[in-house]
Amino acid sequence: MPKDSGIGASSKRREDVRFLTGQGRYTDDINLHGQAYVHFLRSDVAHGVLKNVDTSEAAAMPGVVRIFTGADFEGVGGVPCGWQVTDRHGQPMQEPAHPILAQGKVRYVGDAIAAVVAETPQQARDAAEAIVVDIDELPAVIDMKAALADGATKVHDDLTSNLCYDWGFVEENKGAVDEAFANAAHVTTLELVNNRLSPNPMEPRVAVGDYATGTDESTLYTTSQNPHVIRLLMGAFVLGIPEHKLRVVAPDVGGGFGSKIFHYVEEAFVTFAAKQCRRPVKWTSSRSEAFITDAHGRDHVTKIELALDADNNFAAIRTETYANMGAYLSTFAPSVPTWLHGTLMAGNYKTPLIYVNVKAVFTNTVPVDAYRGAGRPEATFQLERVIDKAARELGVDPIELRRQNFVKEFPYATPVAVEYDTGDYEGTMTKLLDMIDRDGFEARRAKSAENGKLRGLGVNCYIEACGIAPSALVGQLGARAGLYESATVRVNATGGLVVMTGSHSHGQGHETSFAQVVADMIGLDENMVEIVHGDTANTPMGMGTYGSRSLAVGGSAMVRATEKIIAKAKKIAAHLMEASEGDIELKDGQFSVAGTDKSVAWGDVTLAAYVPHNYPLDEIEPGLEETAFYDPNNFTYPAGAYACEVEVDPDTGKVTICSFAAADDFGNVVNPMIVEGQVHGGLAQGIGQALLENVSYDENGQLLSASYMDYCMPRADDLPFYKVDHSSATPCTHNPLGVKGCGEAGAIGSPPSVVNAVVDALQRAGHTHVTHIDMPLTPSRVWAAMQN
Amino acid sequence: MYNFEFSKPSTIADAVTALGQEEAQALGGGQTLLPTMKQRLAQMSTLVSLNGIAEMKGVCTNDAGEICIGGATTHATVAKETADSYPGLAGLASRIGDPAVRNRGTIGGSLANNDPSACYPAAALGSGATIVTNAREIAADEYFQGMFATALDDGEIITEVRFPVPEASNYQKFVQPASRFALVGVFVAKFADGVRVAVTGAGSDGVFRWTEAEEALSSDFSKGAVEGLSVPSQDMISDLHGSAEYRAHLVKVMTGRAVAAAS
Ligand SMILES: Cc1cc2nc3c(=O)[nH]c(=O)nc-3n(C[C@H](O)[C@H](O)[C@H](O)COP(=O)(O)OP(=O)(O)OC[C@H]3O[C@@H](n4cnc5c(N)ncnc54)[C@H](O)[C@@H]3O)c2cc1C
């Protein structure tokens with residue numbers, strides 16, 4: 001029976017009332033008295049020596065308040081990187097400075113050279129056009145392999161090369177892995193590209209800086225997924241403002257997909273400039289600017305090899321990946337191709353030996369960082385593609401080959417440092433097969449053939465790691481932060497609750513699902529609980545929302561804080577009913593004494609806490625407010641099996657998705673409707689990556705896909721009606737809610753099944769030379785693959 | 001956007017006068033021009049809107065049986081008004097952009113702009129239309145002069161476009177996935193005295209007639225008639241979305257489909 005409230009209910013998203021009626025309050029809706037506007041003059045060349053920036057004419061133009069250049073930031077920190085990777089040889093990665101405005105050199109098209117603060121956005125832009133910039137152009141470093149060649153032009157002159165790090169994982173296993181390959185009965189090799197993507201949240205970035213002279217306090221309003229992290233990074237490493245003098249507010253945020261995790265130069269600029277100019281300073285990104293300044297995602301070039309024994313058991317995996325960092329290290333960039341990718345290379349399979357090599361490379365392109373899935377889509381794609389290729393080479397069923405190699409016993413320690421606590425890969429695969437009518441495929445294929453279309457079926461599994469992460473573990477791996485969450489639960493005198501969380505909602509529906517959890521624990525109506533997030537001034541420290549971690553980590557903190565509330569409330573109830581604390585039971589918002597008909601309502605207890613006339617003051621304090629921090633014991637491991645059926649038009653190469661099915665194991669589910677919505681969105685992004693989206697640079701570092709005329713976002717008519725299911729669930733064993741996370745699964749799990757399906761269609765049609773096509777599978781690429 | 005003056009005359013004569021000023025520019029539906037202005041890639045002293053000129057709007061049939069479309073008529077109106085009289089043209093107009101674009105964008109604006117991937121140029125050239133301006137009448141065969149280039153003089157306004165109506169016609173558009181303009185679009189029109197085939201999206205000089213196909217189809221109006229032909233790729237556009245070879249191939253595929261679908 002579906003529940004109608006609390007955990008497990010598909011409660012309607014309360015935030016949608018304001019979003020759908022135009023009442024959302026986004027950063028661009030914030031306009032402060034006396035605010036000025038900044039326009040950034042950005043480099044239109046990818047690489048060059050910045051010889052001179054002449055602002056004299058621009059400074060005299062109407063409305064100009066002040067013009068800043070790199071020189072104004074000489075005593076100021078650059079934006080820091082939050083993760084240090086240690087390379088194969090035990091050396092730290094190369095870590096270039098990332099100044100707020102370019103100093104000495106420009107390093108990508110979009111690099112900010114100067115910033116004009118003026119009375120109106122128009123005047124700021126007019127003056128920016130009058131700035132005369134003298135750049136000595138250098139060859140652009142675009143191709144990753146060329147960037148690592150001897151004598152290649154260096155993106156950063158003070159580094160020894162364009163190599164950020166050469167990472168080996170697990171380095172100690174390398175010899176054993178090589179030996180397994182030497183002894184393998186069969187080796188399948190695949191070279192592939194994980195295409196670069198532009199995140200494109202519906203709301204472009206905005207930042208408003210404010211400074212209060214009277215109190216020496218700075219405030220930044222920004223489109224962020226993690227206001228506390230921005231406060232910490234910007235305050236401590238860039239501007240030198242102690243946290244008690246710095247407030248960061250991320251109000252309603254219109255999507256992030258990872259791109260709003262990072263601390264960007266524009267945020268530091270407006271905060272700095274507001275203090276310098278003694279007035280608020282606002283920046284609103286245009287969509288064109290978003291294409292060249294929001295951190296991109298993916299961009300891996302990989303060679304993967306899979307070794308199998310004579311019985312088709314996976315014996316070893318070896319990969320070599322080139323990962324593009326872009327021109328500077330964005331906040332979490334180094335962690336994505338390493339700890340968020342290498343640790344997932346075991347997938348759902350028991351492969352005893354794995355070696356992952358990643359070379360991270362600087363190029364004259366926009367910085368690359370986490371994007372929905374971050375590292376796990378890259379791992380899943382290579383693994384699930386190479387397994388499909390192996391099955392074809394061996395002449396075995398691709399599903400059976402997977403099944404044969406599934407991890408079946410839990411907990412399972414992979415050879416790549418993580419331990420899966422629980423899972424049931426056979427269960428999700430069985431569920432998937434129930435959903436897709438595989439037996440009917442031949443008939444459907446024949447029908448497609450009658451219409452001149454080539455039909456194919458692609459299946460894949462995925463596993464991912466969410467709920468990042470045990471702080472002590474990630475500390476060892478190079479994280480420069482802890483990754484706990486916290487929550488404060490404040491009960492008001494009349495019984496309503498306000499839950500303050502350090503995580504952030506920017507489309508995920510936390511205000512609804514978090515309230516369901518807390519209300520359920522006490523037995524109250526969900527509307528008694530309000531969720532507060534997004535403002536460092538009224539929420540406890542939290543590391544933010546990404547990596548599908550908010551419910552698993554932030555929700556667990558909320559559970560712990562609510563448990564403390566309940567424990568204290570029971571003490572009060574015991575006092576009110578003159579009973580022993582151990583006999584108090586809480587159900588449906590009523591406290592009762594076991595075995596009696598005595599009871600007091602939730603509201604009586606909360607009122608007593610704040611009006612303590614009859615109250616055990618010598619034992620407990622008045623009031624009812626508790627805070628808890630939660631640091632997880634492990635990652636969580638959502639997993640699943642996906643299937644895609646496509647039709648290919650042999651005359652044009654156009655791929656049409658006929659059906660898509662997703663069987664996921666997310667552990668326990670708080671709000672099934674929201675979970676399905678998250679899967680739908682993730683699938684749209686994964687299918688977008690597989691068929692449509694691609695960031696493309698020319699050899700001079702000019703962005704060719706710089707608008708929606710050339711960067712193809714998925715539209716409703718590109719996508720099928722999905723079949724999604726999350727009933728085959730194994731609850732997480734180590735967090736109090738048993739939840740795993742669902743925000744990224746769709747984007748992680750879907751690209752391989754789309755590509756597997758297209759390759760399958762071509763193979764069945766006799767194009768046996770087509771073993772792989774690089775994403776996106778545009779009509780022209782598919783057509784080209786069929787030629788030959 | 002840079003600052004500009006705005007004028008909205010109600011007659012062609014007043015529009016011509018307004019466009020005679022230094023750095024004045026015509027505004028049709030603004031679907032091409034406004035984004036360009038927002039990017040600060042276009043700058044004019046005066047923007048002269050043609051949307052208030054009643055004599056430039058609407059669709060009618062003249063004594064010669066040609067369909068006459070006012071230069072400021074929107075794509076949506078063309079799609080609706082020619083659905084029965086010229087289904088090939090209506091089908092083309094109904095698939096330009098999205099509803100917002102079709103309800104603002106105009107035939108005059110599209111033909112004046114002559115984007116190499118736009119749809120209307122294929123219809124105009126494929127139908128052998130006449131482009132009527134405030135000053136003269138220009139045959140479609142003379143009008144298109146390469147990418148974004150036309151026979152129009154500065155300040156000249158397209159007031160009307162006259163389409164002879166073929167016995168059968170069809171437009172096949174293979175969309176560029178991102179913009180959904182034509183990666184390759186082929187307009188086929190079968191007249192009593194022969195077949196015309198106009199190709200947009202593919203040619204590096206903009207819209208062009210595929211004369212080999214016209215000859216073959218004039219003697220045998222069937223899909224099979226073009227199967228043996230091949231389109232040389234050297235004059236084709238090659239970009240992010242498709243190579244010259246791919247476009248050349250699609251020209252043939254789309255021509256065949258247009259013939260099969262012609263009604
Ligand atoms: C999202 C989107 C999708 C689109 N998809 C397609 C598509 O699939 N196929 C397609 O063909 N087009 C497409 N277009 C373009 C659209 O059809 C435009 O409407 C058209 O190209 C320009 O017409 P307009 O009336 O908007 O002209 P404007 O933008 O107002 O003007 C364009 C140019 O023509 C000049 N001009 C305007 N009217 C006249 C006139 N009567 N006489 C002389 N000069 C004039 C202007 O001065 C300007 O130089 C799309 C546009 C958008 C924004």
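Bear in mind the structure is a predicted one, so any value in this text is a computation, not a measurement. Atoms considered below: every heavy atom in the structure, side chains included; atoms not considered: hydrogens, waters and symmetry mates. The sequence lines fix the lettering, A, B, ..., with proteins before strands; numbering per chain opens at 1.
For the residue pair A:Asn195 and A:Gln689, a side-chain donor N or O sits within less than 3.5 Å of a side-chain acceptor on the partner. Defined by atom type and a distance below 3.5 Å, a donor-acceptor pair is missing between the side-chain atoms of B:Ser204 and B:Asp235.
In this structure, the separation between CD1 on B:Ile131 and CD1 on B:Ile158 is 6.0 Å, given to the nearest 0.5 Å. Residue A:Thr656 holds its OG1 atom at 6.5 Å from CD of A:Glu647, rounded to the nearest 0.5 Å. Here the OG1 atom belonging to B:Thr74 is positioned 10.5 Å from the CD atom belonging to B:Gln31, to the nearest 0.5 angstrom. The distance from atom CE of B:Met254 to atom CH2 of B:Trp210, rounded to the nearest 0.5 Å, is 12.0 Å. The distance from atom CE of B:Met37 to atom CE of B:Met1, rounded to the nearest 0.5 Å, is 4.5 Å.
Both the backbone and the side chain of B:Tyr246 come within contact range of chain A, with heavy atoms under 4.5 Å apart. No part of A:Glu693 comes within reach of chain B, as not one of its non-hydrogen atoms sits under 4.5 angstrom from that chain. For chain A, the nearby part of B:Lys38 is the backbone; its heavy atoms alone come within less than 4.5 Å. If you measure heavy-atom distances from A:Pro776 to chain B, you find no contacts under 4.5 Å at all. Heavy atoms closer than 4.5 Å to chain B are found in both the backbone and the side chain of A:Arg125.
Heavy-atom pairs under 4.5 Å with chain B were tallied for A:Ala784, A:Ser780, A:Gly653, A:Ser696; the largest tally goes to A:Ser780. Interface summary for chain A: among B:Gln39, B:Arg180, B:His241, the most heavy-atom pairs under 4.5 angstrom belong to B:Arg180. Contact count against chain B (heavy-atom pairs under 4.5 Å) is highest for A:Thr652 among A:Thr778, A:Asp126, A:Thr652, A:Asn694.
Heavy-atom proximity under 4.5 angstrom to chain B picks out A:Leu704, A:Ser705, A:Tyr708, A:Met709, A:Asp710, A:Tyr711, A:Cys712 from residues 698-714 of chain A.
The side-chain tip of B:Arg40 points at the ring of B:Tyr2 from less than 6.0 angstrom away and within 45° of straight on.
By the side-chain contact (heavy atoms from CB on, under 4.5 Å) test, B:Asp220 is found to be paired with B:Ser222, B:Ala225, residues two or more places apart in sequence or in another chain being considered.
Put simply, the side chain of B:Arg247 never gets that close to the backbone of B:Gly203: no donor and acceptor are under 3.5 Å apart.
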